[in-house]
Amino acid sequence: MVGRLATVDGSVITSHTCDGNYRTWMDIVPAQQFEKDTIVDIYTGRMHTEFSTDQSRMKQVGSIPEVKATYQYLNTAYPCLNEK
């Protein structure tokens, strides 16, 4: 990853190489606000899905309290870039 202060034109750059059988799709998850006591389910198996709504290989492994607000982010095999 390269931040905006490390490029001549202020670009932010992220990259990833994949040497395994991992998902190749990406989507943009919008920023969200959540009600108090919202719970989010945690899954395993997402790395091997075929598209963003594919849950065929996923298994719920738990749940945790959701934060009050989330940023918009780029959802890739290893999400690492949000709107900030």
Side-chain angles (χ1 to χ4, degrees):
M1 292 188 292
V2 179
R4 65 181 175 79
L5 299 178
T7 58
V8 173
D9 65 355
S11 295
V12 176
I13 303 168
T14 184
S15 178
H16 174 78
T17 60
C18 184
D19 59 355
N21 181 25
Y22 301 114
R23 68 183 183 145
T24 58
W25 58 268
M26 61 173 256
D27 62 351
I28 298 173
V29 179
Q32 297 179 63
Q33 299 285 325
F34 296 94
E35 297 292 327
K36 184 178 179 179
D37 299 325
T38 298
I39 300 295
V40 62
D41 295 329
I42 305 300
Y43 292 88
T44 187
R46 189 157 177 86
M47 290 292 287
H48 301 287
T49 54
E50 299 293 325
F51 46 89
S52 65
T53 58
D54 177 11
Q55 294 189 341
S56 62
R57 299 180 189 182
M58 294 172 51
K59 176 183 175 186
Q60 185 178 348
V61 293
S63 58
I64 59 173
E66 181 62 88
V67 296
K68 181 179 179 180
T70 58
Y71 295 125
Q72 175 175 291
Y73 68 95
L74 181 62
N75 184 13
T76 62
Y78 298 100
C80 61
L81 182 68
N82 70 32
E83 66 183 281
K84 300 297 180 186

Undergrad: Do Leu81 and Val12 touch side chain to side chain, with heavy atoms closer than 4.5 Å?
TA: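 SC-SC contact between Leu81 and Val12 confirmed.
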Undergrad: Taking C-beta and beyond as the side chain, do Leu74 and Met26 meet within less than 4.5 Å on heavy atoms?
TA: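 They are in contact (side-chain heavy atoms under 4.5 Å apart), so the answer is yes.
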Undergrad: Determine, stepwise, if the pair Ile13 / Thr7 fulfils side-chain contact (heavy atoms from CB on, under 4.5 Å).
TA: CA-CA 9 Å; Ile13 303 168; Thr7 58; 4.0 Å; yes
Undergrad: With side-chain contact (heavy atoms from CB on, under 4.5 Å) as the test, would you mind laying out the steps for Ile28 and Asn75 before giving the verdict?
TA: CA-CA 6 Å; Ile28 298 173; Asn75 184 13; over 6 Å; no
Undergrad: Nearest 0.5 Å please: distance from the CD atom of Gln60 over to the OH atom of Tyr43.
TA: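 Result: 4.5 Å between the selected atoms.
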Undergrad: Side-chain heavy atoms nearer than 4.5 Å, only ILVMFWY residues, links allowed to pass through others: does that put Ile42 and Ile39 together?
TA: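 In one cluster with Ile42: Ile39, no.
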Undergrad: Could you give the distance from CD (Glu35) to CD (Glu66), rounded to the nearest 0.5 Å?
TA: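 CD of Glu66 is found 12.0 Å from CD of Glu35.
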Undergrad: Enter the distance from Asp41:CG to Met58:CE here, rounded to the nearest 0.5 Å.
TA: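 One gets 9.5 Å once the value is rounded to the nearest 0.5 Å.
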Undergrad: Who pairs with Tyr71 by side chain to side chain contact (heavy atoms under 4.5 Å, CB included), at least two apart in sequence or on another chain?
TA: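 Applying side chain to side chain contact (heavy atoms under 4.5 Å, CB included) to Tyr71 gives Asn82, Glu83, Lys84.
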Undergrad: Are Phe34 and Val40 close enough, and set up right, to give a side-chain contact (heavy atoms from CB on, under 4.5 Å), and what steps lead you there?
TA: CA-CA 10 Å; Phe34 296 94; Val40 62; over 6 Å; no
Undergrad: Please set out all donor-acceptor pairs under 3.5 angstrom arising from side-chain atoms of residues 49-56, sequence neighbours excluded.
TA:
residue	atom	partner	partner atom	Å
Thr49	OG1	Trp25	NE1	3.1
Thr49	OG1	Arg46	O	2.8
Asp54	OD1	Ser56	N	2.9
Asp54	OD1	Ser56	OG	2.7
Asp54	OD2	Glu50	N	2.8

